[in-house]
Amino acid sequence: MNVIGLGLGLFSFFMIGFGFVWVIRGEYYLGYLWWPYPLLFGIILIIVSLFMSPIWSALLGITGASSIWGATEMKEQAVRADLGWFRRNPRPKPAPPLVEVIKKIPAPHL
Amino acid sequence: MLQLTGLWMAVATFLGIWWGHVGVRWLEAHSPNIRPPALILIVIGIALQIVSLFTPNLTLAGVASIVGITFLWDAFELYRQQKRVIQGHAPANPANPRHAAYLATPNSQAITDDLLEREPSDPTVQTASWQVARIKNQKSRARKI
């Protein structure tokens, strides 16, 4: 029996679960305009995974994909907070680097 | 040579999550009863875990398990999506008899509009509630001085 595959499935389960947490916290403290950074982080992890051993490659690939998904979820999370479905941080949030460029790009969502 | 295992895991994870969003919404909106699709998702999810256990190839085993795990999660999400429709957090489909019943219930919160289809407020701009809180703080500080 090969339990490594099952282990990778469980790892993806925890990474998706962790994604829910960091998206909520990230939107609360930083704001959804930071979305390109987890997206880039995820892409970099997947590129790095191409040069690692099979197990590390698998773990980085899963982490990278869940980070990309989190990036696509930040805008919807901001709308949910605006609608009062989640706690809304009324304080102004820090603008991400290249904020004016980011504002011109439609934030992706699933 | 490039190690493609991670790339395959990433594709499986992303497609699993994508289907978990788009597919679950569609299934919940079009199923008169969500129990049968939930059961099918659970059976496929468990079957994929068993396939993963008996697959010697790491990439195939990982992909099977990841997709299986997302299917199991989707079965649970079907019930959460149903709750969102009842609460008005997701649009109800009037053509679905189950959703039509939610809409017809007296004092129902269910709606047909998708409230998430809008742009969020600008997070870098001060909101009115933040400005009110700041003015109050300044006044209380001034009184102490």
Side-chain angles (χ1 to χ4, degrees), chain A residues 1-13 15-16 19 27 30-34 42 45-46 48-66 68-69 73 75-83 85 88-95 99 103 107 109-110, chain B residues 1-22 45 48-49 51-70 72-73 84 87 89 115-134:
Chain A
M1 280 212 301
N2 177 14
V3 292
I4 297 172
L6 209 62
L8 292 173
L10 283 175
F11 182 73
S12 76
F13 178 77
M15 285 313 295
I16 297 168
E27 192 286 320
L30 297 175
Y32 81 96
L33 290 174
W34 285 77
L45 284 188
I46 293 170
V48 172
S49 83
L50 296 171
F51 304 96
M52 306 297 272
S53 67
I55 296 287
W56 278 107
S57 174
L59 296 176
L60 287 178
I62 292 165
T63 310
S66 71
I68 292 171
W69 158 66
E73 197 64 15
K75 181 184 159 188
E76 281 198 3
Q77 180 58 27
V79 175
R80 290 187 200 109
D82 278 351
L83 290 167
W85 300 348
R88 185 165 184 275
N89 185 358
R91 299 168 72 97
K93 294 162 189 170
V99 64
K103 280 181 179 176
H109 66 96
L110 294 180
Chain B
M1 208 173 105
L2 293 178
Q3 176 59 257
L4 296 177
T5 309
L7 190 64
W8 281 112
M9 300 297 153
V11 169
T13 304
F14 193 82
L15 288 183
I17 298 170
W18 173 80
W19 159 256
H21 280 71
V22 179
L48 284 170
Q49 301 311 321
V51 168
S52 167
L53 276 175
F54 294 97
T55 303
N57 182 293
L58 174 72
T59 305
L60 286 176
V63 167
S65 182
I66 290 167
V67 174
I69 288 272
T70 59
L72 290 171
W73 190 317
R84 286 185 203 110
Q87 289 175 333
H89 290 188
L115 296 182
L116 290 174
E117 284 295 322
R118 54 179 267 180
E119 287 300 308
S121 59
D122 188 335
T124 58
V125 174
Q126 288 190 347
T127 60
S129 56
W130 163 246
Q131 280 168 332
V132 167
R134 201 175 62 159

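A quick note: this is a predicted structure, and the numbers were derived from the prediction, not measured. Per chain, numbering begins at 1; letters A, B, ... match sequence-line order.
The CH2 atom of A/Trp56 sits 9.0 Å away from atom OG1 of A/Thr63, with the distance rounded to the nearest 0.5 Å. With rounding to the nearest 0.5 angstrom, the CG atom of A/Leu45 is 11.5 Å from the CG atom of A/Leu50. For the atom pair A/Met15 CE and B/Met9 CE, the distance stands at 15.0 Å (nearest 0.5 Å).
Across A/Ala65, A/Gly31, A/Ser66, the residue that shares the most heavy-atom pairs under 4.5 angstrom with chain B is A/Ala65. Heavy-atom pairs under 4.5 Å with chain B peak, among A/Pro54, A/Gly7, A/Ala58, A/Gly61, at A/Pro54. Chain A forms the most heavy-atom pairs under 4.5 Å with one residue out of B/Leu53, B/Thr13, B/Thr55, and that residue is B/Leu53. Per-residue counts of heavy-atom pairs under 4.5 Å with chain B were compared for A/Leu59, A/Leu33, A/Val99; the largest is that of A/Leu33. Between chain B and the options A/Leu6, A/Ile4, A/Leu60, heavy-atom pairs under 4.5 Å are most frequent for A/Leu6. Top candidate by heavy-atom pairs under 4.5 Å with chain A, chosen from B/Pro56, B/Pro120, B/Ala61, is B/Pro120.
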Working note: A/Glu27 + A/Lys75, criterion salt bridge (Lys or Arg N to Asp or Glu O under 4.0 Å); need CA distance, chi angles, decisive distance, verdict. CA-CA 8 Å; A/Glu27 192 286 320; A/Lys75 181 184 159 188; over 6 Å; no
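Using a 4.5 Å cut-off between heavy atoms, B/Thr70 touches chain A through its side chain atoms alone. Using a 4.5 Å cut-off between heavy atoms, B/Trp18 touches chain A through backbone and side chain atoms alike. Only the side chain of B/Ile69 comes within less than 4.5 Å of a heavy atom of chain A; its backbone N, CA, C and O stay farther away. Looking at A/Ser53, the atoms closer than 4.5 Å to chain B (heavy atoms on both sides) all sit in the backbone: N, CA, C or O. Interface residue A/Ser12: only side-chain heavy atoms are found under 4.5 Å from chain B.
Proximity of A/Leu8 to B/Val63: side-chain heavy atoms (C-beta onward) are nowhere separated by under 4.5 Å. The shortest side-chain heavy-atom distance between A/Arg88 and A/Asp82 falls under the 4.5 Å cut-off. Using a 4.5 Å heavy-atom cutoff, the side chains of A/Trp85 and B/Gln87 are not in contact. Within the 4.5 Å cutoff, the side chain of B/Phe54 has heavy atoms near those of the A/Met1 side chain.
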